[in-house]
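Letters A, B, ... mirror the listed sequences (proteins, then strands); counts begin at 1.
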There are 2 protein chains.
Amino acid sequence: MSTVNSLTAEDLGSAAQRERRKRILDATISLATQGGFDAVQMRAVAEQADVALGTLYRYFPSKIHLLVSALGREFERVEAALRDKPLPGDDPADRVIYVLKKTTRGMQGDPHLTEALTRAFMFADASVQNEIHTVGMLLTSMLTRAMHPGRTDLTSDDVAIARVLGDVWLSALVGWVTGRSSAEEVSEQIEVAVRLLLR
Amino acid sequence: MSTVNSLTAEDLGSAAQRERRKRILDATISLATQGGFDAVQMRAVAEQADVALGTLYRYFPSKIHLLVSALGREFERVEAALRDKPLPGDDPADRVIYVLKKTTRGMQGDPHLTEALTRAFMFADASVQNEIHTVGMLLTSMLTRAMHPGRTDLTSDDVAIARVLGDVWLSALVGWVTGRSSAEEVSEQIEVAVRLLLR
DNA sequence: CGACGAAGTGAAACGTGTTCCTATTATGTC
DNA sequence: GACATAATAGGAACACGTTTCACTTCGTCG
């Protein structure tokens with residue numbers, strides 16, 4: 001494999017290494033929360049994580065890898081939190097709207113963090129494929145579960161709809177992050193897309 | 001107005017200035033075509049456009065402004081080319097697919113250029129609002145025209161659908177640019193979205 | 001024509017992502 | 001415990017976007 005990858009938690013043998021990785025991601029989230037994309041400076045991350053710059057680059061080969069990995073970890077938390085409880089809402093549309101809006105509200109509560117993670121996600125190129133794929137799968141599976149809780153045999157249309165909804169949600173988020181649309185507009189865009197797609 | 005803006009063609013009084021602006025955008029497109037986002041280096045653009053670096057920054061306050069402005073100019077060309085001829089296809093779905101696929105094919109013929117412009121569009125923040133807005137309007141109007149040629153009274157659903165389609169198209173393009181999906185997958189994503197939305 | 005302000009030039013300098021190199025420290029093996 | 005290997009620290013150096021500044025050129029007005 002010639003792709004440059006971030007070291008995942010499983011790759012790391014020793015507890016000290018997992019601990020280092022965690023400190024790095026914590027520092028990333030902390031800096032991103034305070035000042036957004038620009039505040040996540042590699043030297044600052046290294047210092048706050050108490051790690052040398054070279055070590056940081058050994059764990060994450062670029063700032064983008066670092067931020068997308070952090071996004072992945074956050075998304076896993078969200079997905080895990082949603083996985084267990086049953087979702088409110090009587091039909092797929094209601095449940096999907098619930099999930100997307102709840103997630104959106106969560107992100108809007110942390111504008112800087114959201115800005116940093118979204119920008120990174122959008123700027124990522126092919127070398128970040130793995131990390132991106134992780135996030136994409138989590139998003140799709142959150143949406144399909146909301147559409148059909150507990151169902152394992154999804155039609156290709158189900159998956160296609162989930163994908164389109166994911167696209168719309170991401171675009172809306174980018175619009176919000178970049179100051180082009182308000183929180184209400186994001187909400188509305190999601191509702192409209194859901195209404196158009198889930199009947 | 002406190003926003004930092006690119007100088008638009010209309011702002012520029014003298015012919016020499018319009019000429020400079022054109023040279024800058026030409027150089028941008030040329031470099032982007034050869035080597036993509038990374039190859040569009042501000043010093044290189046300035047040199048190729050035969051303009052001082054400071055002047056380049058006076059015309060376009062950042063690399064992102066520069067690239068999004070270039071995207072706007074390219075989009076205007078495409079939109080103008082489509083505006084006049086009648087579109088093939090008997091129903092809205094066929095015509096929308098025609099427009100999106102034709103545009104997509106055009107962009108895929110110039111992978112580096114597409115990569116550069118798409119990355120810039122996705123990375124743009126609030127300070128690029130105006131330039132982004134131009135592009136967004138062109139895209140929406142291309143799509144609504146494809147849906148209902150010649151119609152002026154569009155329903156809010158028409159606009160909403162066009163917007164969702166635009167989102168899907170952009171996401172698909174980002175996926176392609178970043179090596180996550182193939183040209184066929186982009187095609188397919190578009191068709192699926194159109195099929196789901198236009199009935 | 002001459003003066004004055006705006007626009008353009010050229011080059012230096014700064015900030016931050018990234019790379020590289022050497023010395024030091026952990027880690028695992030016999 | 002001694003050694004080989006890998007991982008980390010520490011820091012210099014490089015690349016490119018961006019800023020700054022002193023100077024020159026251009027266009028316009030009196």
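C:dT18 atom P lies 17 Å from atom CZ of A:Arg58, rounded to whole Å. Residue A:Arg18 contributes atom CZ, which lies 16 Å from atom C1' of C:dA26 at whole-angstrom precision. The CG atom of B:Leu56 sits 13 Å away from the C1' atom of C:dT9 (whole-angstrom rounding). Residue A:Glu19 contributes atom CD, which lies 16 Å from atom P of C:dA26 at whole-angstrom precision. One can place CD of B:Gln17 at 7 Å from P of C:dA7, the figure rounded to the nearest angstrom. Spacing between atom CD of A:Glu47 and atom P of D:dG11 amounts to 12 Å, rounded to whole angstrom units. Protein atom CD of B:Gln41 is 10 Å distant from nucleotide atom P of D:dA15, rounded to whole Å. Between B:Arg119 atom CZ and D:dG17 atom C1' the separation is 15 Å, expressed in whole Å.
In this structure, the separation between NZ on A:Lys102 and CG on A:Leu82 is 7.0 Å, given to the nearest 0.5 Å.
The side chain of A:Tyr59 places an N or O atom within less than 4.0 Å of a non-bridging phosphate oxygen (OP1 or OP2) of D:dT8.
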Under 3.5 Å, sequence neighbours excluded: what are the donor-acceptor pairs made by side chains of residues 167-175 of chain B?
| residue | atom | partner | partner atom | Å |
| --- | --- | --- | --- | --- |
| B:Trp169 | NE1 | B:Thr104 | OG1 | 2.8 |
| B:Ser171 | OG | B:Asp167 | O | 3.3 |

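By the salt bridge (charged side-chain N to carboxylate O under 4.0 Å, His left out) test, B:Arg73 is found to be paired with B:Asp26, residues two or more places apart in sequence or in another chain being considered. For A:Ser62, the side-chain hydrogen bond (donor to acceptor under 3.5 Å, both in side chains) partners two or more places apart in sequence, or in a different chain, are A:His65. Contacts of A:Glu191 classified as salt bridge (charged side-chain N to carboxylate O under 4.0 Å, His left out), with partners at least two apart in sequence or in another chain: A:Lys101.
Every pair passing ring-ring contact (aromatic ring centres under 6.0 Å, His included) that includes a residue from residues 105-157 of chain A is listed here, sequence neighbours excluded: A:Phe123-B:Phe37, A:Phe123-B:Phe123.
Counting any heavy atom pair closer than 4.0 Å across all strands shown, B:Val45 reaches no nucleic acid atom.
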Summarise how protein sits on nucleotides 18-30 of chain D as a single string, 5' to 3': B when a protein heavy atom is under 4.0 Å from the base, S for sugar-phosphate-only contact, - for no contact. BB-----------
